[in-house]
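Indexing begins at 1, ligand by ligand and atom by atom, following the structure's order. Sequential numbering from 1 along the given sequence is applied to the chain's residues.
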Amino acid sequence: MRVLVTGGAGYIGSHIVHELRRNGVHTVILDDLSLGHAESVEGFDLVRGDIGNRDLVRETIISQRIDVLIHMAARSQVGESVRDPGVYYDHNVRRSLELLEGMREAGCKRMVFSSSAAVYGEPKTVPILEEHPALPTNPYGATKLCFEEALGWYRQAYGFGFISLRYFNAAGAVPEDRLGEDHDPETHLIPLVLQTALGRRERLVIHGTDYPTPDGSCIRDYIHVVDLARAHVQAAKRLSAGSPGAIYNLGTGTGTSVKEVIAVARTVTGREIPTQEGPRRAGDPAVLVAASSRTQAGFDWTPRIPLRKIIESAWDWHSRNPDGYGGL
Ligand SMILES: NC(=O)c1ccc[n+]([C@@H]2O[C@H](COP(=O)([O-])OP(=O)(O)OC[C@H]3O[C@@H](n4cnc5c(N)ncnc54)[C@H](O)[C@@H]3O)[C@@H](O)[C@H]2O)c1
């Protein structure tokens with residue numbers, strides 16, 4: 001199997017390419033480094049370019065004899081997508097369609113796609129099954145859903161095989177591989193908590209403490225990036241073996257509140273972590289937890305890494321790299 005990973009120099013992508021290499025898979029990265037870090041993929045075959053460059057996509061697939069694409073490259077901040085939806089439709093739909101066309105021209109028809117729990121919108125039932133209605137409440141989720149739908153039509157018309165993985169909250173790090181989370185700006189809870197523990201932020205704002213949850217803060221499903229990466233290797237193998245694919249959630253099935261995350265982080269770091277209560281953020285559902293039974297059965301996969309270990313691995317990386325990759 002030969003795999004091309006778009007966005008492979010990003011947070012999740014870099015963990016996936018290392019996991020593919022551990023599994024002996026020939027791996028090439030296509031990334032424009034607009035948000036990613038070349039340091040995280042040193043020694044990998046990196047094609048620096050845009051997914052919207054159809055000619056580059058076609059030539060790369062042909063010259064590298066690629067069988068399967070893992071499509072991670074995207075814009076992925078909910079708040080930014082509300083302020084500037086055009087950028088999200090441009091990257092997550094328009095350029096991603098150029099990528100699909102480049103694949104079609106090259107005769108490569110298998111894709112693992114990074115989708116998101118954001119496609120569900122405000123859940124009516126929790127844990128969320130894949131059959132739950134997809135009614136996104138922001139442009140980020142809408143663009144992910146739009147591309148999933150395009151993949152469905154490409155399957156019907158052109159015989160594409162695709163596996164869409166709807167991630168819940170990816171977190172954690174692999175400090176042994178010098179891999180961690182470094183977004184700019186950072187919007188994810190665990191790095192924000194740990195940057196506060198390091199004194200890089202004065203305090204952590206808890207957005208909403210009046211949700212209908214036991215402690216009033218939002219509940220999310222945190223999955224370690226390595227568990228996530230293992231599922232991608234399985235998905236790529238399935239497609240390579242001829243599976244037509246399907247849509248799967250990628251979460252653990254366990255919900256943890258913001259306040260619980262902070263409490264675990266305090267015990268892991270031994271630091272105080274000052275907090276401040278703030279208002280709810282528009283469009284933030286109270287609870288997002290995956291039903292993971294379809295994924296576990298479909299991939300013969302179970303998430304192995306519990307929340308405490310997720311936070312320990314992230315703390316290890318952040319405390320060694322307080323300036324992120326810029327400090328390496
Ligand atoms: N982090 C999460 O918890 C989470 C949750 C749900 C879904 N996702 C999805 O997973 C994927 C990866 O997320 P991440 O947190 O690793 O993001 P990231 O921003 O760290 O990585 C994205 C990578 O894509 C590259 N890229 C962006 N636009 C590009 C373009 N037009 N051409 C080429 N390269 C481009 C960036 O340089 C970067 O390396 C995204 O598709 C995101 O929507 C992430």
Side-chain angles (χ1 to χ4, degrees), residues 4-19 28-41 44 46-54 56-57 60 69-78 80-81 87-100 102 111-120 128 136 138-148 164-173 179-192 220-229 231-232 248-252 288 290 310 314 324-325:
L4 178 65
V5 183
T6 75
Y11 166 49
I12 301 174
S14 57
H15 287 82
I16 289 179
V17 299
H18 280 75
E19 188 64 25
V28 181
I29 296 166
L30 173 62
D31 198 303
D32 65 2
L33 298 181
S34 53
L35 303 168
H37 304 280
E39 304 90 318
S40 66
V41 289
F44 281 87
L46 168 67
V47 177
R48 187 169 180 173
D50 193 317
I51 54 163
N53 182 342
R54 191 195 296 196
L56 175 67
V57 169
T60 305
L69 259 89
I70 298 182
H71 179 32
M72 314 272 309
R75 290 295 183 270
S76 56
Q77 288 182 30
V78 170
E80 184 187 56
S81 80
V87 170
Y88 280 71
Y89 277 90
D90 180 24
H91 282 269
N92 300 358
V93 179
R94 188 185 69 79
R95 295 184 205 211
S96 293
L97 288 174
E98 289 294 332
L99 175 79
L100 271 189
M111 176 183 278
V112 181
F113 173 55
S114 301
S115 187
S116 168
V119 302
Y120 294 115
I128 304 171
N138 55 63
Y140 168 59
T143 57
K144 288 286 179 185
L145 181 61
C146 180
F147 191 70
E148 267 188 5
S164 185
L165 299 174
R166 293 176 171 171
Y167 311 166
F168 283 63
N169 290 58
L179 294 178
E181 184 166 11
D182 180 9
H183 293 111
D184 183 20
E186 190 55 79
T187 57
H188 294 149
L189 179 66
I190 290 175
L192 290 175
R220 295 289 179 267
D221 183 338
Y222 296 92
I223 176 166
H224 195 284
V225 265
V226 169
D227 280 334
L228 203 115
H232 284 71
Y248 297 92
N249 285 334
L250 260 191
T252 64
L288 283 176
I310 292 176
Y325 287 104

H91-ligand 1 polar pair, N/O distance under 3.5 Å: yes
Between Y222 and H188, does the ring centre distance come in under 6.0 Å? no
Tell me if a side-chain donor or acceptor on H37 pairs with a main-chain N or O of E39 at a distance below 3.5 Å. no
Non-hydrogen atoms of E19 and A229 that approach each other most closely: CB-CB, 3.8 Å
Is a side-chain donor-acceptor pair under 3.5 Å present for E148 with S115? yes
Contact check, H188 vs ligand 1, heavy-atom distance below 4.0 Å: yes
Minimum-distance protein heavy atom relative to atom 3 (O) of ligand 1: A170 N, 3.1 Å
Quick note on ligand 1: atoms under 4.0 Å from a heavy atom of Y140 include exactly 6 (C), 7 (C), 8 (N), 9 (C), 42 (C), 43 (O)
Can an N or O of S34 be found at a distance shorter than 3.5 Å from an N or O of ligand 1? yes
Which ligand 1 atoms are under 4.0 Å away from a heavy-atom of A73? 24 (O), 26 (N), 29 (C), 34 (N), 35 (C)
How close do A9 and L33 get, counting heavy atoms only, and between which atoms? CB-CD2, 3.6 Å
Protein heavy atom at shortest distance from atom 40 (C) of ligand 1: M72 O, 3.1 Å
of all protein heavy atoms, closest to atom 18 (P) of ligand 1 is H183 NE2, 3.8 Å
How close does the nearest protein non-hydrogen atom get to atom 26 (N) of ligand 1, and which residue and atom is it? D32 OD1, 3.6 Å
Closest non-hydrogen atom pair between G13 and M72, with its separation: N-CE, 3.6 Å
For ligand 1, which atoms have a heavy atom of G49 less than 4.0 angstrom away? 32 (N), 33 (C)
Would you call R75 and P139 a side-chain contact if the rule is heavy atoms closer than 4.5 Å? no
Within the structure, is a non-hydrogen atom of A9 found at a distance of less than 4.0 Å from ligand 1? yes
Between ligand 1 and L30, is the shortest N or O to N or O distance under 3.5 Å? no
Do me a favour and list the nearest non-hydrogen protein atom to atom 20 (O) of ligand 1 with residue, atom name and distance? Y11 N, 2.9 Å
Which heavy-atom pair separates V225 from G172 by the least distance, and what is that distance? CG2-O, 3.6 Å
Please identify which atoms of ligand 1 are closer than 4.0 Å to at least one heavy atom of I12. 1 (N), 2 (C), 4 (C), 10 (O), 13 (O), 16 (O), 44 (C)
Could you check whether any heavy atom of K144 sits closer than 4.0 Å to an atom of ligand 1, since that is the contact criterion I want to use? yes
Please list the nearest protein heavy atom to atom 28 (N) of ligand 1 with its residue and the distance rounded to 0.1 Å. R75 NH1, 3.1 Å
Check the orientation of Y11 and H183. Use parallel for under 30°, tilted for 30 to 60°, and perpendicular for over 60°. perpendicular
Looking only at heavy atoms of I51, does any of them come nearer than 4.0 Å to an atom of ligand 1? yes
Considering only heavy atoms of G7, which atoms of ligand 1 have at least one such atom less than 4.0 Å away? 23 (C), 24 (O), 25 (C)
Nearest-option assignment for atom 39 (O) of ligand 1, heavy atoms, candidates D31, V87, I70, L189: D31
Atom indices of ligand 1, in the order listed, that fall short of 4.0 Å to a heavy atom of L33: 37 (O)
Of all the atoms in ligand 1, which lie at a distance below 4.0 Å from a heavy atom belonging to S115? 6 (C), 7 (C)
Side-chain (K144) to main-chain (S114) donor-acceptor, under 3.5 angstrom: yes
Please list the nearest protein heavy atom to atom 5 (C) of ligand 1 with its residue and the distance rounded to 0.1 Å. F168 O, 3.4 Å
Are the side chains of Y120 and N249 in touch, meaning some heavy atoms are under 4.5 Å apart? yes
Given side chain to side chain donor-acceptor pair (under 3.5 Å), test Y140 with E80 step by step and report yes or no. CA-CA 9 Å; Y140 168 59; E80 184 187 56; over 6 Å; no
The option among G10, G36, G251, S114 carrying the non-hydrogen atom nearest to atom 21 (O) of ligand 1 is G10
Rounded to the nearest 0.5 Å, how far does CG of L228 lie from CG of L165? 7.5 Å
Nearest protein heavy atom with distance in Å, relative to atom 8 (N) of ligand 1: Y167 CD1, 3.4 Å
On a heavy-atom basis, the closest approach of G8 and D31 is N-OD2, 3.5 Å
